[in-house]
Each structure stands twice: as structure tokens, then as C-alpha cells.
Amino acid sequence: MTAAGDRLGPTLFERSRPGRGGGRIPHPPKDALARIPPDQLRTDGLHLPEVAEPELTRHYVNLSQLNYAVDTGFYPLGSCTMKWNPKVNEWAARLAGFASLHPFAPDELAQGTLALLWELEEALAEIGGMRAVTLQPAAGAQGELTGILMVRAYHRSRGDTERTEVLVPDSAHGTNPATASMAGFKTVSIRSAPDGGVDLAAFRAALGPRTAAVMITNPSTLGLFESRIGELLEAVHSAGALAYMDGANLNAIMGRFKPGEAGFDVMHINVHKTFSTPHGGGGPGAGPVGVGEKLLSFLPSPRVLREADGSFRLERPGERPTSIGRVRSFAGNTGVLVRAYAYIRAQGAAGLREVSGDAVLAANYLMARLAGVLDIPFSRHCMHEFVASAATLKAETGIKTLDVAKRLIDYGFHPPTIYFPLTVEEALLIEPTESESIEVLDAFVAALRAIVAEARTDPDLLHSAPHSSPVRRLDETTAARQPNLRWKAMTGSQRPCPD
Ligand SMILES: *Cc1c(COP(=O)(O)O)cnc(C)c1O
């Protein structure tokens, strides 16, 4: 068996036998090859694995069954909002009118999709208290970049070219400083106050004529609502800077707090977190960006416009010269946007408000039940997630957060986010979401209690966990420093793949 573990089995390349295959092209034209320009013809074999269809199907289905997903169990991955994805969304996203629409279809033939996108923009603008929304960005990170590029365009349009800095709290997601750098700004990291909130004095000291924007995550990545938001926004605006809100944690506040009305100039929304889309493993997602009045004219093009007669069309190239231009091909990840639309329509305003209430309730319940099991560094009312820490456990038993997380896999749970935020030692960021029952939350607490007990009685069991998974502990340092991402060495019947 492969080095990766017994349950993984051989790769398709290892299963390959010359001459086996799954498909046949029916009635291929005799001169098919002659129709292809000679310089486009392949000179060498394809070197793809040769397997029959049942073998291929089983290979992928078996691999899919190794996946842990919200459809298989509790997934309390803080910051990621791994909530239930209603299956009716899948039905909607697969409707042929959406799924099979050609991306170059003329506006007249795309009225349904354009109407949906327009209505979704309106709904998100309402939820965020924003003036308008673009749906183009493919993820939260790209939404951030889009937002900060608009901020840059805004300052430039006013001839204000000295603003070279973006202030970011030290608890922020790594995408915030990455965004600032990609847009050509210098990131200034601002320390958090001891209560986990923004250190207002430190912010005020850093704010000035060089500040282009401040990026705030609210609720923060520590799961705390930023109580000094009014003062902070006032300070930002009086310094002539703009306020960016990282809206990844909208699931905790929707229907209750509208960032645009509070004074934020721009925010992104991770629809795959808040408005339900299966995510994980890198996608797909969408990161719509809402803006207030100041940034309206800089929104990416093309926007979806509604004409006086009620029909819809896309902006034409060059129609709005102040736009920062396109940030993604076509209309964005439309399938994800259809899911978000279906979710919002199914919930309605009251339902969305209930979602945020239940998410916050579930997190506070878990936090209260875990007090005394793990450290709870910020015990004030949390939002939809909270930080726990294994610092005391480590000091007493040598068992660290990583060991606890790996052992949770043996108990059938996906581990929470670990070692993030970076500002808390031995952190676990736990986010239950609104869609889990109290029985599931209690079972998770029972598993963590059992693991903490094992740390005292059988620490070796934890050091070597997980014991039930197809792969055990990975060498993460080597994986990061010498990534080996491609299956190489073919032996026997197969020749190595050409590079
Ligand atoms: C998830 C997340 C992001 C990045 O969003 P992606 O959609 O993963 O690109 C940014 N900030 C915070 C706080 C997040 O949780």
C-alpha cells in the first residue's frame, strides 16, 4: 500500500493497464485528425491512466468517502462558518437556465440571471446598510482587494496621493495585510487591547495624513463585538481615511447591525460563509463588496443595470470611466450567487435575524459549557465563535492544542481552527454555527472533556493521535517547505508523465 495509509489505496496511475478504457467516441469523423492544423497535433502519447469506468467511479467515490464534511458531521471550524447548506439551494443552482447559460449570452437571453444578480445586490446592500454592491469578486480575499483598490482610486481621484498606509489590528485574518500589500500599501499592525478589542489609543496614534484606510473585522476574529466602533469610525473619518469592514463574520450580526449605517465605507461579504454554500478545500465562493456613497463610482464594471422598462443589462465597456475595471471574468461565481439568493429568499428578513441570534446562542452555550475544561481567555459575551486555549493544559500535562485537535478526529469531530488568532497562545477558535442541535453541541463538549481527562491519564495516546484516520500526523514543516504535489515515479507498464 502507499505510504499515505492503507485506506487510501493505489492511485489511478498505479491502477492503469494499457488498453483499458472507459469511453468511446461514437462515429468519429474519419478525417477528424486531418481537420486539425498539423502544428496543433500531439506528437507524443497522452500518458493518462488507462482504467475502466467502474474502476474510475469507485476510485473517486471511495476518495470522497474519506472526506469530512458538514454533511457527515460537526465542523466547528472558527472563522470559516461551516454551516448547513440547504439542499434546495443545490436544486436552484442546477436549474438549466442558470447553470447552462453561456457566459457570452446577450443580455436579452440572460434576463433571468441578470434579474437574480440585481436582486441579490439589492438584498446584500440592504443587509449591509450599503449603497450598492458588486458581486464580481470570487472570494472574501478578492473582495478585500477590490475594496482597497476602490479606496486607492478614491484618494487618487481627490489628488490625495500621500496616503500610503493601511492600519490593521493584530488579530486580523492574514488576508487583510496581504490585501493592503497587494494594493501597494504599507500595513501598519495595531495591537489589541487586553479585553480583545481594538486599542483605541494605539489606533489614534497611528492614524494620520498617511492613512488610506483602516481594516476592521467586526465581530473580530476573537469572536468579540467591537464596542468602540463609533469612536473608531469617527477618528478614521476625521483623519481623512476610509473604513473597511471585513464582513466575514456577518453570520453573527445580520439583521441586527448594519455596518454601512454605522459608518463603514466599504465591506466584503463571504456569501459562502454567511449565506450557505458548501465550501472548504479552497472553494468555490464569492466575496461581494458593498460600498457607501464615496466609493459608488469606483465599483468594478460591468454593473448590472435596470432599465426604465424593468429589463436588465450589463454596463457596456467604458460606460463608467471612474470604475476600477473588472476584477473577475463574467459575472463572478454565479452558481454560488444563486445559492446565496435562494438562501436569502428562503429565510426572509426575520429568518436571517433568527440565524444570527441562534449562531450567537450556540457559541455562548458552548463557551459556557467548556469553562473549566479549557481556558476561556475572553469570557465576556461572545458572538458566533469564541477563543479557547489549551495553555493551562499544556503547562500541566505537556499536551498542546495540536494534540487535542488531532484526538478530536478519533471522536468523530472535525477539529476547530487552531493557533489562530495568532494573539492567543495555544488557541482554538470554535464556531458551532446556528444549524447544530444541542445534542451535537453536548457531544462535542463530552469529547473535549474526555480528551482533557486522557491528557492526564494517557498522554501518549494524544501525542500519537489520530488513530482512526487514513493518514496520521503529517510532517507539516516538510509539506510547507518542500511541497511535493505531483505523483511522479511511474514504474512497470507506464512511462513517466512528461513535465
Ligand atoms: C474567511 C475570512 C477571510 C477570507 O475570505 P475567503 O473567502 O476565504 O477568501 C477574510 N477575513 C476573515 C475574518 C475570514 O474569516
Side-chain angles (χ1 to χ4, degrees), residues 70 75-83 85 124 128 134-149 166 168-183 187 189-190 192 196-198 213-226 243-254 259 264 266-290 327-328 332-333 335-337 339-340 356 359 363 382-387 416-424 427-433:
V70 288
Y75 209 135
L77 200 61
S79 212
C80 296
T81 315
M82 305 299 284
K83 60 198 261 174
N85 311 121
L124 293 177
T134 173
L135 302 175
Q136 263 186 40
Q142 201 194 6
E144 289 175 35
L145 181 63
T146 305
I148 294 296
L149 288 177
V166 172
V168 180
D170 59 4
S171 61
H173 196 277
T175 48
N176 290 188
T179 289
S181 316
M182 279 185 77
T187 303
S189 177
I190 308 292
S192 304
V198 164
V214 167
M215 295 180 87
I216 302 286
T217 309
N218 193 29
S220 73
T221 57
L222 297 165
L224 303 171
F225 191 82
E226 193 52 70
Y244 184 98
M245 161 127 163
D246 181 327
N249 296 332
L250 187 63
N251 206 46
I253 53 171
M254 64 179 160
F264 279 100
V266 47
M267 79 181 283
H268 80 262
I269 297 169
N270 307 62
V271 297
H272 45 289
K273 292 178 181 172
T274 306
F275 300 109
S276 81
T277 262
H279 65 289
V289 176
V327 297
R328 197 191 178 279
N333 273 342
V336 173
L337 299 170
R339 289 174 175 90
S356 58
C382 70
M383 297 304 286
H384 65 320
E385 60 189 349
F386 64 97
V387 183
T417 296
I418 56 172
Y419 298 107
F420 178 81
L422 306 175
T423 47
V424 174
L428 297 96
L429 184 60
I430 303 176
E431 178 176 6
T433 82

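Both ligands and their constituent atoms are indexed starting at 1 by order of listing.
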Legend entry - Residues forming a side-chain contact (heavy atoms from CB on, under 4.5 Å) with Thr217, sequence neighbours excluded: Asn176, Thr221, Asp246, Asn249
Legend entry - Those residues that, when tested against Thr175, pass side chain to side chain donor-acceptor pair (under 3.5 Å) (two or more places apart): Glu144, His173
Inset, instruction - Before giving the answer on side chain to side chain donor-acceptor pair (under 3.5 Å), spell out for Glu431 and Thr81 the whole-Å C-alpha distance, their side-chain angles and the decisive distance to 0.1 Å. - result: CA-CA 7 Å; Glu431 178 176 6; Thr81 315; 2.6 Å; yes
Inset, instruction - Could you list the residues that satisfy salt bridge (Lys or Arg N to Asp or Glu O under 4.0 Å) with Lys273, not counting sequence neighbours? - result: none
Show the short N or O contacts, below 3.5 Å, that ligand 1 makes with protein N or O atoms; if there are none, say 'none'.
| unit_1 | atom_1 | unit_2 | atom_2 | d |
| --- | --- | --- | --- | --- |
| ligand 1 | 5 (O) | Asn270 | ND2 | 2.8 |
| ligand 1 | 7 (O) | Gly140 | N | 2.8 |
| ligand 1 | 7 (O) | Asn270 | ND2 | 3.0 |
| ligand 1 | 7 (O) | His272 | NE2 | 2.8 |
| ligand 1 | 9 (O) | Gly140 | N | 3.3 |
| ligand 1 | 9 (O) | Ala141 | N | 2.8 |
| ligand 1 | 11 (N) | Asp246 | OD1 | 3.3 |
| ligand 1 | 11 (N) | Asp246 | OD2 | 2.6 |
| ligand 1 | 15 (O) | Ser79 | O | 3.0 |
| ligand 1 | 15 (O) | Ser79 | OG | 2.8 |
| ligand 1 | 15 (O) | Lys273 | NZ | 2.8 |

Legend entry - Check against side chain to side chain donor-acceptor pair (under 3.5 Å), Thr274 and Asn251: CA-CA 5 Å; Thr274 306; Asn251 206 46; 4.9 Å; no
Inset, instruction - Evaluate side-chain contact (heavy atoms from CB on, under 4.5 Å) for Val336 paired with Phe275, printing each intermediate quantity in order. - result: CA-CA 9 Å; Val336 173; Phe275 300 109; over 6 Å; no
